[in-house]
Amino acid sequence: MSNTTFPPLVAGNWKMNGTLASLDEAKALMARLDGKTPACDVMLCPPFTLLFKMGETLADSTIAMGAQDCHPKETGAHTGDIAAEMIAETGATACIVGHSERRTDHGESNELVKAKAEAAHRAGLVAIICIGETIDQREAGRTLQVNTEQLKGSLPEGANAANTIIAYEPVWAIGTGHTPTTDQVAEVHGHIRAELGGLMGAEEAAKVRILYGGSVKPANAQELMAVENVNGALVGGASLKADDFFGIIEAYL
Ligand code: PEP
């Protein structure tokens, strides 16, 4: 772990999973955390439809809430989209942008991701900007180059350690059960930290949380979270069940 001002973050990305009944998992997580003080922040990012109810559910807990995407604009004729300002009204404090599933499924470019991160900042939300290479890019030896391009292309003006979190998520590790070696994680996280230094100055960059995401589970969390420059995790599948997610948070207990 590097020397950051902000505590590490373990964030759960529920993706397109979760109905009202799933709020029971949030309640179960609250119960598991009761009386415990992990050395990390904990966040749940449910689908839009659950944000208000989730906000009510988590109101008396230490668990923060984030959204999974936002539109760059504040209002307008954008059927089916959700503005960052609307998200902020739900009690969410963060918004994931540029997840690889959106980059792939919706053809989101770095430019669009940057506009979304700007929107998150405009609404007072922390932008969790996701970057990561595909397996073809890794095998072609382009991992660092691809992550640099995505980072530089997606990071808005004014990004700092308080309003921005980077999530390194190798696309080939998401939902596959495959994870990079700790050396590979260390290499990319160190590279991201160095690139951030060039973009916002080394002092600020040292404080930015860089999450690792991709098949994190209780069995590998401790090892991955101990890697230098890893300041927490973005967790998909294993965040859906309170017991599994708590097993990951336990890396910080
Ligand atoms: C994710 O989609 O952000 C993710 C990390 O998924 P999983 O943990 O399921 O690999």
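Values reported hereafter were calculated over all heavy atoms of this structure, with side chains retained and with hydrogens, waters and symmetry mates removed. Order of appearance sets the numbers: ligands from 1, and atoms from 1 within every ligand. The structure presented is a predicted model; accordingly, all values stated were derived computationally and were not measured. We're numbering straight along the sequence, starting at 1.
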Novice: For ligand 1, which atoms sit closer than 4.0 Å to a heavy atom of Ser215?
Specialist: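 In order of number, 7 (P), 8 (O), 10 (O).
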Novice: Pairs in or reaching into residues 59-74: which pass salt bridge (Lys or Arg N to Asp or Glu O under 4.0 Å), with residues at least two apart or in two chains?
Specialist: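 Applying salt bridge (Lys or Arg N to Asp or Glu O under 4.0 Å) to every pair that reaches into residues 59-74, excluding sequence neighbours, yields Asp69-Arg102, Asp69-Lys116.
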Novice: Would you mind checking if Lys152 and Glu149 are paired as a salt bridge, meaning a charged N to carboxylate O distance below 4.0 Å?
Specialist: no
Novice: Does Gly175 reach ligand 1 with a nitrogen or oxygen that is under 3.5 Å from one of the ligand's nitrogen or oxygen atoms?
Specialist: yes
Novice: Do you see a donor-acceptor pair shorter than 3.5 Å between the side chains of His106 and Glu101?
Specialist: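 No - no donor-acceptor pair under 3.5 Å links their side chains.
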Novice: Is it the case that ligand 1 has an N or O less than 3.5 angstrom from some N or O of Gly213?
Specialist: no
Novice: Does only the side chain of Ile174 get under 4.0 Å from ligand 1, or the backbone, or both, or neither? Count heavy atoms.
Specialist: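 For Ile174, the contact with ligand 1 is made by both the backbone and the side chain.
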Novice: Students should be able to answer this: which protein heavy-atom is nearest to atom 4 (C) of ligand 1, and at what distance?
Specialist: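 Going by distance alone, atom 4 (C) of ligand 1 is nearest to Gly236 N, 3.5 Å.
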Novice: Of all the non-hydrogen atoms in the protein, which one sits nearest to atom 9 (O) of ligand 1, and at what distance?
Specialist: Gly237 N, 2.8 Å
Novice: Heavy-atom distance under 4.5 Å between the side chains of Leu33 and Ile63, does that happen here?
Specialist: yes
Novice: Where is the nearest protein heavy atom to atom 1 (C) of ligand 1: which residue, which atom, and how far?
Specialist: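 It is His99 NE2, 3.2 Å.
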Novice: Quick one: look up the protein heavy atom nearest atom 5 (C) of ligand 1 and list residue, atom name and how far away it is.
Specialist: Glu169 OE2, 3.1 Å
Novice: Check each heavy atom of Ala173 against ligand 1 and say whether those closer than 4.0 Å belong to the side chain, the backbone, both or neither.
Specialist: backbone
Novice: Does CD in Gln145 sit with more than 12 non-hydrogen atoms of other residues, nucleotides or ligands closer than 6.0 Å?
Specialist: yes
Novice: Any heavy atom of Ala233 closer to ligand 1 than 4.0 angstrom?
Specialist: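 Checking ligand 1 against Ala233, which is what was asked, there is no heavy-atom contact under 4.0 Å.
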Novice: Is the shortest side-chain N to carboxylate O distance from Arg142 to Glu133 below 4.0 Å?
Specialist: no
Novice: Kindly confirm or rule out an N or O of Val235 lying under 3.5 angstrom from an N or O of ligand 1.
Specialist: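 For ligand 1, there is no N or O atom that lies under 3.5 Å from one belonging to Val235.
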Novice: Which ligand 1 atoms, with their elements, are less than 4.0 angstrom from a heavy-atom of Asn13?
Specialist: 2 (O), 3 (O)
Novice: Might you point out which heavy atoms bring Gly12 and Phe245 nearest each other, and give the distance in Å?
Specialist: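 Shortest heavy-atom contact: N-CZ, 3.4 Å.
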Novice: So among Asn147, Asn229, Thr148, which one has a side chain to side chain donor-acceptor pair (under 3.5 Å) with His191?
Specialist: Thr148
Novice: Looking at ligand 1, does any of its N/O atoms fall within less than 3.5 Å of an N/O of Lys15?
Specialist: yes
Novice: Side-chain contact, heavy-atom cut-off 4.5 Å: Val10 with Asp41?
Specialist: no
Novice: If the condition is ring-ring contact (aromatic ring centres under 6.0 Å, His included), which residues does His71 pass it with, not counting sequence neighbours?
Specialist: His78
Novice: Can you find a non-hydrogen atom of Lys217 under 4.0 Å from ligand 1?
Specialist: no
Novice: Within the structure, is a non-hydrogen atom of Gly214 found at a distance of less than 4.0 Å from ligand 1?
Specialist: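 Gly214: in contact with ligand 1 (<4.0 Å).
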